[in-house]
Amino acid sequence: MNQPFVLSTSSRTRPSPYYDATVAAGVQGFSVYNHMLLPTFYVSAEEDYWPIINGVSMWDVAVERQVELRGPDAAVLATMLTPRDLSKMKIGQCKYIPMVDHNGGLINDPVLLKLAEDHFWISIADSDVRLWALGIAGALGLDVTVTEPDVSPLAIQGPKANDVAASLFGEWVRELKFFWFREFDFDGIPLVIARSGWSKQGGFELYLRDGSMGTELWDRVAAAGAPWDIKPGTPSTLERIEGGLLSYGNDMTLENTPFEVGLGKYCAIDQEADFIGKAALQRVRDEGVTRNQVGIFIEGDKIASNTRRWPVWSMDDEIIGEVTSAAHSPRLERNISFAILDMAHQEPGTPVRIDMSDCLAGDGSRDIREGSVAPLPFIS
Ligand code: THG
């Protein structure tokens with residue numbers, strides 16, 4: 001897509017602590033996420049992708065804002081906010097926690113960090129979780145503060161991330177387990193270092209606890225990564241569709257329950273503790289879903305990205321669902337996508353048609369493609 005406009009910015013589209021460093025590194029595109037600017041590419045989606053697969057890449061993901069829960073009832077509130085079972089969660093652990101409303105609709109799919117028994121960070125995808133958490137805390141009369149602290153993640157992702165992190169922080173970091181973290185004073189730069197990140201290639205997220213030190217942290221990571229040819233990058237739509245990672249607002253919204261988008265495995269709906277949406281999710285479980293997420297291979301020219309959800313038709317010209325995210329996979333050399341389709345059309349190999357007409361082209365041109373249903377993930 002060739003956009004005939006620029007993105008106008010203001011203090012409402014808050015820059016990240018790494019903004020100056022990313023501009024100096026040659027960032028060329030931004031999206032808006034949690035009311036902030038999210039870098040989207042440096043060279044091109046495909047050029048930026050290969051270091052994540054074969055080397056190491058560093059990403060400004062400060063848009064993953066933290067919603068901090070602190071106080072005697074912080075754990076009670078965290079438990080109310082997700083169907084995931086938190087009863088055995090340890091200090092120093094992260095958990096991927098779908099959050100749902102009273103109807104079971106997805107509010108967000110954040111990562112939860114437990115810093116102390118009375119101290120949590122909800123590291124959020126793109127929706128206003130702080131408002132939701134404040135509302136629930138107030139309605140339940142809980143003794144907890146809900147704030148947005150000055151904490152901004154920088155991700156290091158790719159097979160060489162271990163080497164870069166060890167050269168920065170020491171050998172101990174190689175032993176850090178997946179989805180665990182440690183607080184670390186990095187020569188005066190206050191960090192929480194977690195083995196996590198929005199790719200399937202492995203790596204770390206450095207949660208910077210002082211936004212005035214963004215450039216300093218960026219520059220130190222870039223310098224330490226130079227021997228491994230670290231590149232500036234961004235969360236990759238290509239890699240994450242290949243690997244089956246979902247994007248809130250794209251692949252799921254308030255209109256979806258976790259069961260429709262493969263997140264049922266993170267929902268302990270019969271746990272002892274109460275949580276928002278429990279009755280609704282039990283009902284959905286008992287009644288079954290009417291639609292479900294699948295992959296679709298899309299034929300024809302390389303897809304750059306989708307600017308809206310694309311309608312999907314059966315070969316009898318019935319509308320059977322929508323493509324929610326699409327990209328060209330460099331490793332499969334095919335167009336791949338996530339879609340939500342009616343239950344009658346889930347079988348891998350089922351032929352479909354996709355209306356990819358670009359609403360932003362504005363010239364009424366049509367782009368109808370052939371496709372076929374595929375199992376997820378595309379690459380495991
Ligand atoms: N990092 C941080 N916060 C985030 C994201 C992130 N918030 C929003 C968004 N990304 C959340 N989305 C995901 C989705 C999947 C995973 C991480 C973030 C993930 N899942 C593990 C997997 O698929 O193997 C399973 C985790 C588990 O078992 O609990 O890594 O990227 N800070």
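First listed ligand is number 1; within each ligand, the first listed atom is number 1. Small disclaimer: the values here were computed from a predicted structure and weren't measured.
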(Q) Quick test of your reading of the model: are E333 and K302 salt-bridged, counting only N-O distances below 4.0 Å? (A) no
**Q.** Taking atom 28 (O) of ligand 1 as the reference point, the nearest protein heavy atom with its distance
**A.** Y266 CE2, 3.8 Å
Q.
Looking at K231 and D48, is any side-chain nitrogen of the basic one under 4.0 Å from a carboxylate oxygen of the acidic one?
A. no
Q. Should the ring pair F169 and F186 be called parallel, tilted or perpendicular, given that the plane angle runs from 0 to 90° and is split at 30 and 60?
A. perpendicular
Q. Of the protein's non-hydrogen atoms, which lies at the shortest distance from atom 15 (C) of ligand 1, and what is that distance?
A. L245 CD2, 3.5 Å
Q) Who's closest to atom 11 (C) of ligand 1 heavy-atom-wise, of D109, L246, N34? A) D109
Q) Roughly how far, to the nearest 0.5 Å, is CZ of F181 from OG of S196? A) 10.0 Å
Q. Looking only at protein heavy atoms, which one is nearest to atom 21 (C) of ligand 1, and how far off is it?
A. F178 CZ, 3.9 Å
Q) Can you list the ligand 1 atoms lying under 4.0 Å from a non-hydrogen atom of R84? A) 27 (C), 29 (O)
Q. Among protein heavy atoms, which sits nearest to atom 22 (C) of ligand 1, and what does the distance come to when rounded to 0.1 Å?
A. K200 NZ, 3.2 Å
**Q.** Min heavy-atom dist G197 to ligand 1 below 4.0 Å
**A.** yes
Q: Check each atom of ligand 1 against the heavy atoms of A125 and keep those under 4.0 Å away; list them by number with element.
A: 7 (N), 8 (C)
Q) Quick one: are the ring centres of F378 and F297 less than 6.0 Å apart? A) yes
Q. How are the rings of F184 and W172 set to each other: parallel, tilted or perpendicular (split at 30° and 60°)?
A. tilted
Q) How far is atom 10 (N) of ligand 1 from its nearest protein heavy atom, and which residue and atom name does that atom have? A) E64 OE2, 3.7 Å
**Q.** For atom 19 (C) of ligand 1, the option (of F179, Y33, W198) bearing the nearest heavy atom
**A.** F179
Q.
Does ligand 1 come near enough to K95 that some N or O of the ligand is less than 3.5 Å from an N or O of the residue?
A. no
Q.
Could you walk me through whether Q346 and N292 satisfy the side chain to side chain donor-acceptor pair (under 3.5 Å) test, starting with their C-alpha distance in whole Å, then the side-chain angles of each, then the deciding distance to 0.1 Å, before giving a yes or no?
A. CA-CA 8 Å; Q346 301 271 316; N292 190 39; 3.3 Å; yes
Q) Between R195 and N162, do the side chains contain an N or O donor and an N or O acceptor separated by less than 3.5 Å? A) yes
Q: Go through ligand 1 atom by atom and flag the ones less than 4.0 Å from a non-hydrogen atom of I124.
A: 7 (N), 8 (C)
(Q) Does the residue Y207 have a heavy-atom contact with ligand 1, meaning some pair of atoms that are separated by less than 4.0 Å? (A) yes
(Q) Side chains of T324 and N250 only: does a donor on one sit below 3.5 Å from an acceptor on the other? (A) no
**Q.** Taking atom 7 (N) of ligand 1 as the reference point, the nearest protein heavy atom with its distance
**A.** S123 O, 2.9 Å
Q | Ion pair R130/D128, N-O distance below 4.0 Å | A | no
(Q) Suppose I only count heavy atoms of E205 and a 4.0 Å limit; which atoms of ligand 1 are within that range? (A) 1 (N), 2 (C), 6 (C), 31 (O), 32 (N)
